[in-house]
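As structure tokens, the structure follows; a few thoughts come after it.
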Number of protein chains: 2
Amino acid sequence: MNYAVELLKKSGIKATPQRVAITEIIHSSGHIDIDGIYKSIKVTFPSLSLATIYKNINSMVEKKFIQEVSIPNSKPKFEIVKEVHGHIICPKCNSIADIKVDETILRNSVDEKFDKFSLSIYRECC
Amino acid sequence: MNYAVELLKKSGIKATPQRVAITEIIHSSGHIDIDGIYKSIKVTFPSLSLATIYKNINSMVEKKFIQEVSIPNSKPKFEIVKEVHGHIICPKCNSIADIKVDETILRNSVDEKFDKFSLSIYRECC
DNA sequence: CTATATGCAAATAGTTTGCACGGAT
DNA sequence: ATCCGTGCAAACTATTTGCATATAG
């Protein structure tokens, strides 16, 4: 079965064509904001409305299917939820790359136990 | 001389009463969002407008006098720029606490050199 | 068949901008 | 006298909501 459809079903979300398209775009882009999703979807799916994207993003976030990546001074982007990792964010163009982080070492570093963390590193890439 | 006035002058920003008030509120609260600043200032400074807060926050961020702390699914908060540190953020009430992080250990952990990073840990506090 | 999702339009919220006035140097 | 900041109102942008119709399961 299709990757996106499978993901959606696993999360207990009805796999409408719109949701499949949104999921595929987030997945293939890695990190993308609402407007990027909208522009990208419009090409092959002209009837899809912004309101539908917002509604679906919100319920996908609630279901912990996707998560928000906050970016200072810019629109948040979204990514498929996967194992804990960090991000390198370019403060000029706001592009994002994932990085592996060693959770054990981080735990020692902050001298705390925690469930979920997020490490962002800012470096110009352009 | 007043702490806030000193900070402002050091950053080459004219120390108007409004800016002093904004600076003092950010400093004493630790982390606060635009609306919090507005509500807090209104009490003792009823004429101050939201537009003035936005304008000043923007120029203070440009001057690297304060910085934005992004919070998923919520308004960003602002803090006085100081040494590199991390944050513990409560996903329920969005309160923030600073934590020390060991930069050397983090550097090893992510196997990268970088100028500026940000570590957020999410844990319910309420 | 039934419950839920979509798409439109309208409403709301958040932020920025333009401009006239006022205060500091 | 000049420059810059403030405060208001208007403009703009982003996001949410209500509702009628369409569609997945």
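All values below come from the heavy atoms of this structure, side chains included, with hydrogens, waters and symmetry mates left out. Letters go in sequence order (proteins before strands), and every chain restarts at 1.
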hydrophobic_cluster_shared for Tyr3(B) and Ile22(B), side chain cutoff 4.5 Å: yes
Backbone N/O of Asn56(B) and side chain of Ser59(B): donor-acceptor pair under 3.5 Å: yes
pair Arg19(A)-Val5(A): side-chain heavy atoms closer than 4.5 Å: no
Nucleotide dG7(D), atom C1' - distance to CD1 of Ile22(B) in whole Å: 13 Å
Non-hydrogen side-chain atoms of Leu119(B) and His87(B) separated by less than 4.5 Å: no
side-chain N/O Gln18(B) vs dG7(D) OP1/OP2, d < 4.0 Å: yes
His27(A)-Glu79(A) side chain donor-acceptor pair, cut-off 3.5 Å: no
Whole-Å distance separating the CD1 atom of Ile34(A) from the C1' atom of dT15(D): 9 Å
Beyond-backbone contact of Phe78(A) with Ile57(A), side-chain heavy atoms, under 4.5 angstrom: yes
First encountered from the 5' end of DNA chain C, between Lys14(B) and Lys75(B): Lys75(B)
dA24(D) phosphate, OP1 or OP2, under 4.0 Å from Thr16(A) side-chain N/O: no
First encountered from the 5' end of DNA chain D, between Pro46(B) and Arg19(B): Arg19(B)
Heavy atoms of other groups near Lys92(B) NZ, more than 12 under 6.0 Å: no
Aromatic ring pairing His31(A)/His85(A), orientation class (parallel under 30°, perpendicular over 60°, tilted between): tilted
Separation of atom CG in Asp35(A) from atom C1' in dT13(D), rounded to whole Å: 11 Å
Sugar-phosphate only, base, or nothing, as touched by Leu48(A) at under 4.0 Å among non-hydrogen atoms: sugar-phosphate
Exam field: side chain Glu68(B) to backbone Lys77(B), donor-acceptor pair closer than 3.5 Å: no
Near-strand residues of residues 49-64 of chain A, defined as heavy-atom separation under 4.0 angstrom from DNA chain C: Ser49(A), Ala51(A), Thr52(A), Lys55(A), Asn56(A)
For DNA chain D, the residues among residues 37-45 of chain A that have a non-hydrogen atom under 4.0 Å from it: none
Base-paired stems in DNA chain C, each at least three Watson-Crick or G-U pairs under 3.5 Å: C:1-25 with D:1-25
Pairwise side-chain contact, Lys75(A) with Asp35(A), heavy-atom cut-off 4.5 Å (strictly under): no
Sidechain-backbone polar pair: Thr52(A) side chain, Leu48(A) backbone, donor-acceptor under 3.5 Å: no
For atom CG of Asn2(A) and atom C1' of dA24(D), their distance in whole Å: 16 Å
Whole angstrom value for the distance that separates P of dT15(C) from CG of Asp33(B): 9 Å
